[in-house]
Amino acid sequence: MSAVSLTLDVPEPAAERVEDLLWDAGATGLEIRDREAPPMPGVRGPAPGEAIVVAWFDERASAEAALIDVREWVPAVRGAFEDAPDTDWSTAWRARIRSTRVGRLWVGPPWESAPEGVVALTIEPKMAFGTGDHPTTALCLAAVEAFCTAHPGASVLDVGTGSGVLALMARKLGAGRVVGVDNDPMSVTLAEENAALNGISGVELSGASLEAVEGRFDLVLANILANTLVELAPALVGHARGRLVLAGVLIHQEDEVREAFERAGAVSDGGARIGDWIRLDFRVA
Ligand code: SAH
């Protein structure tokens with residue numbers, strides 16, 4: 001049986017209706033990429049205001065009929081068919097997950113083994129962001145390595161911890177108190193699983209809101225998106241007493257984010273860039 005995938009770019013508000021139509025049209029599986037479920041690293045993401053819905057069908061004819069159904073409801077839809085090879089879907093996605101090296105840090109999936117001489121963290125790639133190979137995560141890992149190596153025992157707060165990758169790596173590098181929070185309960189569960197998988201204890205992972213986190217931290221990390229960072233600026237600065245590192249920011253958003261944090265009392269102190277993604281570093285007295 002040769003399967004066919006149908007990839008649809010749709011306006012975000014129409015995505016749910018499109019999903020229903022695709023199931024009704026006989027889809028055997030669906031993948032949604034939107035703001036709530038960003039794509040896995042290396043996979044094309046939706047344009048602003050849009051979502052990508054990928055549907056699998058057993059036959060091309062059903063996929064073509066489905067596109068006609070969707071067009072009736074969402075004339076603006078863009079669709080592309082692709083022959084999907086006979087593949088074991090339960091394991092095929094693994095091929096897209098790669099390990100990452102940042103300095104002497106290594107982050108990889110459980111089925112890869114780390115080379116000699118690295119500080120290795122195993123992350124089970126599931127429905128939480130942060131397998132290591134996204135540019136924003138890599139930018140933050142570099143900051144974690146530099147700071148934690150220079151400040152053994154430092155306290156670290158990771159806001160939007162996702163898979164836990166930054167918090168767990170900080171702990172591996174000898175950080176003292178480490179707190180990771182995320183407003184997505186699934187991420188918190190998976191971050192806890194990743195802590196156990198790596199035999200790391202003593203990292204406080206929870207769904208607590210930033211306001212509910214007590215204390216100030218030598219290093220505060222927030223790899224979220226620009227608009228969320230701007231909203232959280234006063235709370236993030238309020239929890240920092242040393243370095244504050246922001247990522248999830250695109251080049252054209254740099255000024256807006258930097259200004260919001262300067263207004264909140266942080267002092268800009270460099271950063272880094274990979275492709276269109278930047279990291280902004282601040283000092284907070
Ligand atoms: N720190 C990881 C994951 C970053 S993805 C890494 O660097 O790879 C961003 C995470 O922020 C997501 O898990 C998302 O659920 C979380 N998030 C988004 N808005 C948030 C908010 N207001 N408060 C806490 N977490 C938030």
Side-chain angles (χ1 to χ4, degrees), residues 33-43 45 97-100 102 105-109 121-148 156-173 175 178-195 198 200 203-213 217 219-239 244-250 253 257 260 271-272 274 277-281:
R33 300 176 209 148
D34 60 13
R35 274 180 306 176
E36 281 169 34
M40 298 296 272
V43 177
I97 308 292
R98 287 182 302 262
S99 57
T100 311
V102 175
L105 310 183
W106 181 95
V107 177
L121 185 69
T122 301
I123 294 290
E124 180 82 63
K126 287 192 184 165
M127 292 300 289
F129 188 100
T131 47
D133 60 348
H134 193 277
T136 61
T137 310
L139 285 166
C140 290
L141 284 168
V144 169
E145 182 188 19
F147 190 88
C148 292
V156 178
L157 171 63
D158 177 19
V159 181
T161 196
S163 65
V165 56
L166 304 178
L168 298 175
M169 191 58 100
R171 185 74 172 171
K172 277 223 123 169
L173 290 168
V178 180
V179 174
V181 294
D182 202 294
N183 64 0
D184 167 29
M186 173 64 84
S187 291
V188 176
T189 304
L190 295 177
E192 280 165 351
E193 281 179 27
N194 283 320
N198 287 278
I200 295 174
V203 175
E204 301 165 43
L205 298 162
S206 79
S209 74
L210 193 46
E211 289 71 26
V213 174
F217 296 77
L219 173 63
V220 173
L221 301 158
N223 177 16
I224 318 184
L225 293 173
N227 56 343
T228 311
L229 293 173
V230 168
E231 269 171 41
L232 295 179
L236 286 167
V237 173
H239 279 86
L244 171 62
V245 170
L246 309 177
V249 180
L250 293 161
Q253 300 166 326
V257 175
I274 301 178
W277 295 100
I278 56 168
R279 192 187 80 215
L280 296 174
D281 299 345

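The analysis underlying the following values was restricted to heavy atoms, covering all of them including side chains, and did not include hydrogens, waters or symmetry mates. Counting convention: from 1, in listed order, for ligands and their atoms alike.
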Regarding ligand 1, does [X] bring an N or O atom to under 3.5 Å of one of the ligand's N or O atoms?
| X | answer |
| --- | --- |
| Asp184 | no |
| Ser163 | no |
| Cys140 | no |

[atom]: which protein heavy atom is closest, and how many Å away?
| atom | value |
| --- | --- |
| atom 18 (C) of ligand 1 | Ile224 CG2, 3.5 Å |
| atom 11 (O) of ligand 1 | Gly160 CA, 3.2 Å |
| atom 14 (C) of ligand 1 | Asp182 OD1, 3.5 Å |
| atom 21 (C) of ligand 1 | Asn183 ND2, 3.2 Å |
| atom 8 (O) of ligand 1 | Thr137 OG1, 2.7 Å |
| atom 9 (C) of ligand 1 | Asn223 O, 3.2 Å |
| atom 2 (C) of ligand 1 | Thr161 O, 3.5 Å |
| atom 5 (S) of ligand 1 | Phe129 CD2, 3.3 Å |

Locate the shortest heavy-atom distance separating [X] from [Y]; write the atom from each residue and the value.
| X | Y | result |
| --- | --- | --- |
| Gln253 | Gly248 | OE1-O, 4.2 Å |
| Leu205 | Ala195 | CD1-CB, 4.4 Å |
| Ser187 | Asp184 | OG-OD2, 2.7 Å |
| Thr137 | Leu166 | O-CD2, 4.1 Å |
| Glu145 | Leu105 | CB-CD1, 3.7 Å |

Item checked: Distance-only side-chain donor-acceptor flag, Asn223 / Thr136, under 3.5 Å ->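 Looking only at side-chain atoms, Thr136 and Asn223 do form a donor-acceptor pair, the distance falling under 3.5 Å.
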Check: Is there a donor-acceptor contact under 3.5 Å from the side chain of His239 to the main chain of Val213?
Finding: yes
Next item on the list: Would you check whether Ser187 reaches within less than 4.0 Å of ligand 1, judged by its heavy atoms?
Entry: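 Heavy atoms of Ser187 do come under 4.0 Å of ligand 1.
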Notebook entry, point to check: In terms of atom number and element, which parts of ligand 1 are under 4.0 angstrom from non-hydrogen atoms of Thr228?
Noted result: 19 (N), 22 (N)
Notebook entry, point to check: Going by the atom numbers of ligand 1, which of them fall below 4.0 Å from some non-hydrogen atom of Leu166?
Noted result: 1 (N), 7 (O)
Notebook entry, point to check: Would you call Trp277 and Leu250 a side-chain contact if the rule is heavy atoms closer than 4.5 Å?
Noted result: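 Yes, at least one pair of side-chain atoms sits under 4.5 Å.
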